[in-house]
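Here the structure is a predicted model, which means the values were calculated and not measured. All chains are named by letter (A, B, ...) in the order of the sequence lines, taking the proteins before the strands, and each is independently numbered beginning at 1.
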Amino acid sequence: MNRPDTSVEIAGIKLRNPVMTASGTFGYGQEFAEYMDLEKIGAIITKGLSLRPKAGNRTPRIVETKGGMLNAIGLQNVGVDAFIREKAPYLRTINTPVIANIYGNSLDEYRQVAHLLDTVPEVAGMEVNISCPNVKEGGIVFGTDPKAAFEVVRQVREATIKPVIVKLSPNVTDIVAMARACADAGADALSLINTLTGMAIDLQKRRPVLANVTGGLSGPAIKPVALRMVWQVSRAIELPIIGIGGIMTATDALEFLLAGATAVQVGTANFLDPAASQKVAEGIEHYLAENGIADVKELIGALRV
Amino acid sequence: MNRPDTSVEIAGIKLRNPVMTASGTFGYGQEFAEYMDLEKIGAIITKGLSLRPKAGNRTPRIVETKGGMLNAIGLQNVGVDAFIREKAPYLRTINTPVIANIYGNSLDEYRQVAHLLDTVPEVAGMEVNISCPNVKEGGIVFGTDPKAAFEVVRQVREATIKPVIVKLSPNVTDIVAMARACADAGADALSLINTLTGMAIDLQKRRPVLANVTGGLSGPAIKPVALRMVWQVSRAIELPIIGIGGIMTATDALEFLLAGATAVQVGTANFLDPAASQKVAEGIEHYLAENGIADVKELIGALRV
Amino acid sequence: MQFKSLVLSNTEVSPGYFRMRMTVPAQLSAARPGQFVMVRVRDAIDPLLRRPFGIYDVLILEPDFDGGSPQTCLDILYKVVGKGTETLSTMHHGDHLDVLAPLGNGFDLGKPGEEKILVGGGVGLAPLYFLAKELVKTDCVHLFVGGRTRDDILCITEFERLGIETYVSTDDGTLGEQGLVTEVLEKELTRRKGKASIFACGPHPMLKAVAALAERHGIPCQVSLEAYMACGVGACLGCVVPGKEHTEEAPDFRCVCKDGPVFDFQELQWK
Amino acid sequence: MQFKSLVLSNTEVSPGYFRMRMTVPAQLSAARPGQFVMVRVRDAIDPLLRRPFGIYDVLILEPDFDGGSPQTCLDILYKVVGKGTETLSTMHHGDHLDVLAPLGNGFDLGKPGEEKILVGGGVGLAPLYFLAKELVKTDCVHLFVGGRTRDDILCITEFERLGIETYVSTDDGTLGEQGLVTEVLEKELTRRKGKASIFACGPHPMLKAVAALAERHGIPCQVSLEAYMACGVGACLGCVVPGKEHTEEAPDFRCVCKDGPVFDFQELQWK
Ligand SMILES: Cc1cc2nc3c(=O)[nH]c(=O)nc-3n(C[C@H](O)[C@H](O)[C@H](O)COP(=O)(O)OP(=O)(O)OC[C@H]3O[C@@H](n4cnc5c(N)ncnc54)[C@H](O)[C@@H]3O)c2cc1C
Ligand SMILES: Cc1cc2nc3c(=O)[nH]c(=O)nc-3n(C[C@H](O)[C@H](O)[C@H](O)COP(=O)(O)OP(=O)(O)OC[C@H]3O[C@@H](n4cnc5c(N)ncnc54)[C@H](O)[C@@H]3O)c2cc1C
Ligand SMILES: Cc1cc2nc3c(=O)[nH]c(=O)nc-3n(C[C@H](O)[C@H](O)[C@H](O)COP(=O)(O)O)c2cc1C
Ligand SMILES: Cc1cc2nc3c(=O)[nH]c(=O)nc-3n(C[C@H](O)[C@H](O)[C@H](O)COP(=O)(O)O)c2cc1C
Ligand code: FES
Ligand code: FES
């Protein structure tokens, strides 16, 4: 049999396979070059970029929980200018699409970041993080209010001609309503899920473990929630979906495709194994070959219920 | 040192210690009598009771996930009459308060169940499950809409003079708003959390593992989310809180107390170890003794942030 | 009851199938064929839940030194299919397991002197050996055992050592007759038309076919079921099967763990 | 690099402290003192994340048979504090580990011929032995080591075998002087007022006190920090510490994993 076709397309971005790296878990790519072949995955998503450099939260910022981890990095990043200056040149040398994860402290900042990245050739598209718990305007958190989400996406949409992917928060009552608002505002694709808000406590110290008190839960623990949301949204909304949450293996990734995702992102798994994303991509190809599936696209949404 | 005081009071119900068993994970109590001393825990919460016997969902109804499990039992239960007839007599013989977990398919059913149990002497109080995903009226799910929750709680409140505890769903954007609605409607205490909605997929069969497609995620995986919600609600609402979610050990339970819970429930852990609830209770007493804490109530909400 | 077991041995009896012997409290010698155990494979969250296994055998080991006391042991026979059984397969003599046993109801041994037909599919054979040991004391016992291929036919020499006549079939004909165990069984039932009762354990489609045969031939038949289980004690309601009269309105669900795992086939719905 | 290591030995050197030797690729002989490794304790989700450990030693074992090739090995010295180290402590010769190494920047060995003062608190001693082995080649090395009690003073005979003068202190006086290691260090620094440089590793309060001493005495000082880590390669930003000039508006965070774990104390903020 011929090699199976693993390519997919998200919002006009062609990927050699459906495996991307999740924002915030893969630095700016270069950190992993020693451990894997960056040209064996579908795309690299950068750490979230803001208009200006951002300090992030105090430490401790991470803690392990059962089957997962909490992080409260607080979106520390070099800022969009430094990204263009210092990080983009390396990414240019790699033949893999780079998607910039962006966020702003206000509508205006979102728009400005998108505008600045619009003309950067290394950036194939933008993933708009509306799910950061600390970012709000007028008391409304963009990631949990459909109207606010609509507005962010609309502004970003106007600021760039590049593909706009919106990354949704799972901390909502109605994920479909959020997805619909983003679709209505012109999003080209949806990423889900970001982290679930959680907390860990140090009994002896009687303090929260994280300096920020709460943090975002990621890892295998959240996979069932992520799969459910991908499935719900994929049945209701016409946009391509990038499935994220607890993906450790090719089997996990393939389950997301069945649930309706066109691509996936590997996050926390990069910490357990810096070559995880490449292994997931290879595992998918292996599965297709083993099972005589010619094209990975046959699996997308192929869940029988 | 004297034996530490482990007693707490929830909504007027006196508990010898803060450890209860979570609804649906402990049957009607008797199932565990062979494995532990039912008089060593604070209270027993029954499987959810409805007006009439209920068949529940098709099987498979449970599946293990990483660090947790999904269940879609579908609230199979004997119905409130059979409970009174067949289950209550045994519970009468046990010197431990029994709290009936109740739910209805409509406002009216909620009220009727509460009314029927109001005069049952074995029932020390009621825990109103408003978080069942399949139960709705007029398209509104009680567990995710504050107005609908208010209405259910108000009706139950009117139907009984027994303590009314309301059990909240974590599948909401704003858990505090839900808690506040229940408080406003006259709840005496709040239980949180119920399960997170999730899904598991069988890759080879290309089918959801659960016949019901989605199910409720419980176990250690959800503990960070549960802790966070208990903490949020305890800071905002004046009612006593029963913390639930992934409690396996006394340490877990004590963390919930620090976060603001007055008592806790042990759920999934009962499946791993049928004596888990007793062990958690004993572990709490042991911790207090070891650390020279005279009264468990000193720990409630003692988190320093 | 709940207890800690010491693993005495854990041997691969056929590729992918293991037999594990563990110590158990003396009370377990009263366990009945068809009952099962729930094993906590590891004191960790992965695997999280206990895993159910039929009782393959219960035996009392004589002390190997003067003044020692006899040790009651329990054997399970299991197939490696996932995380839990994989972890179990790595255990050695000296490891400990947390066990609930005996659980559920066993087989009804029926009238002594009657002919008894045991039907096992793959690792469904497991509870039948313990049963056979009891039955051969008074009855004439036949074993019908089927599997995908030769490697899935387990431990039949042990049954033969009990003096049991065995009929083997495999899907691919690599051992015994080629075909389904129920096909072989049907031929024999037709040939005999005698009084006999059936005890079956195996995959659901096999049980369904066996139940149909029992119905047709009008002979008693008990089946031992499998189901996803969380608690094993009748509390979670994860393991239910519909009873004969079950409807949505008048539910009659049975717990495999508590009301079973052995059922008279006539109690159940076989849609 | 990422590789699979074979555990060669894993010995409890003091109650609750283990020393593990593992095989590593030959390239690891180029590892520098102060660098560290990230170990995946088990291919499972509990523990989930890798655990970081300093390099206690790197050595090349000669083959024990003719025609064999030398084997590069790496030692870690660790304290059992939680799930990860507990699991690690149960490993035996023959077990395998998934390891990332060498990570981070090592110590700057400074000018040869200078006097070198090593300061270790508890298991913070771990990276100092590898360092000491390098330094003794050219320098006069002193070791100040402190711990809560006698059992927390690890492996000092090994330092002594290198010809290093050691000053031991314990909080409870069960070994060496009673008091904090920094108190002993301070006395010595005051007595000497000589040219020396400090290399310290241990709990944060100790490092802070050592940094204050270095400041006061105007001598160079490098500290090796610990932090909660997820990735170990500078990607997650979990392990940061504020650099000297760090402010909210002009953030200057350093990654302990990538920019450290060794820092010149003057680079950092010691509030
Ligand atoms: C009453 C009873 C007796 C059994 N006796 C035996 C026996 O003697 N020998 C033997 O090899 N197997 C037996 N099984 C099946 C055995 O329990 C499963 O093969 C085993 O639990 C799989 O666990 P795993 O972690 O290896 O697989 P996984 O697939 O990783 O298991 C995941 C989950 O599915 C459940 N599960 C998976 N397959 C089954 C199944 N067929 N039945 C029930 N639950 C399942 C597990 O309990 C677990 O919760 C029995 C099952 C039951 C209910
Ligand atoms: C660069 C570096 C070098 C280290 N070198 C050594 C060494 O040589 N010997 C040694 O015994 N210990 C060393 N540590 C500390 C060691 O990593 C922790 O003790 C260990 O990770 C605890 O894991 P656990 O699962 O046993 O404990 P748990 O408390 O269960 O760990 C839970 C989580 O906390 C993290 N954690 C807990 N304590 C620490 C800590 N002190 N520092 C960083 N993360 C922590 C773990 O990585 C894990 O994510 C070093 C730490 C760092 C950062
Ligand atoms: C340390 C860390 C940092 C993260 N930073 C970002 C970020 O900057 N922007 C973003 O959109 N998501 C961020 N995330 C969320 C991940 O991209 C991903 O959505 C989440 O971790 C779930 O996937 P996982 O379970 O595979 O890790 C971060 C996650 C982690 C663990
Ligand atoms: C098998 C199963 C059945 C449950 N049935 C009920 C129920 O009938 N009513 C209810 O309010 N909660 C029910 N729950 C939710 C639990 O009471 C508890 O809120 C949840 O499992 C989280 O706690 P845990 O992580 O300790 O299990 C059920 C949970 C499980 C696992
Ligand atoms: S396994 Fe829980 S009721 Fe049968
Ligand atoms: S541990 Fe991830 S950046 Fe240092």
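In this structure, C:F199 and C:F107 have perpendicular ring planes: the angle between them is above 60°, well past the 30° mark.
Interface residue C:M229: only backbone heavy atoms are found under 4.5 Å from chain B. The contact between B:A275 and chain C is made by backbone and side chain atoms together, counting heavy-atom distances below 4.5 Å. With a threshold of 4.5 angstrom between heavy atoms, B:Y28 does not approach chain C through any atom at all. For a residue to count as touching a neighbouring chain, one of its non-hydrogen atoms must lie under 4.5 Å from one of that chain's; by this rule B:P53 touches chain C with backbone and side chain alike. Only the side chain of B:E34 comes within contact range of chain C, with heavy atoms under 4.5 Å apart. Interface residue B:T25: only backbone heavy atoms are found under 4.5 Å from chain C. In this structure, no portion of C:P242 lies under 4.5 Å from any heavy atom of chain B.
Interface remark: of the candidates B:M248, B:E64, B:E31, B:E64 forms the most heavy-atom pairs closer than 4.5 Å to chain C. Chosen from B:I62, B:T65, B:L272, the residue pairing most often with chain C at heavy-atom distances under 4.5 Å is B:L272. Interface check for chain B: of the options C:V233, C:I45, C:T247, the most heavy-atom pairs under 4.5 Å are formed by C:V233.
Closest heavy-atom contact between B:A43 and B:L15: CB-CD2, 3.8 Å.
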Intermediate values then yes/no, ring-ring contact (aromatic ring centres under 6.0 Å, His included), C:F36 and C:F53:
CA-CA 6 Å; C:F36 67 103; C:F53 298 98; 9.8 Å; no

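Comment: C:R40 does not engage B:D273 in a salt bridge, judged by the lack of any side-chain N to carboxylate O separation of less than 4.0 angstrom.
Heavy-atom contacts from other residues, nucleotides or ligands closer than 6.0 Å to NZ of C:K79 number 12 or fewer.
For the residue pair B:S106 / B:D108, no side-chain donor-acceptor distance below 3.5 Å is found, with atom types taken as modelled.
Under the 3.5 Å distance criterion, the side-chain polar atoms of B:N17 are matched with a main-chain donor or acceptor of B:G42.
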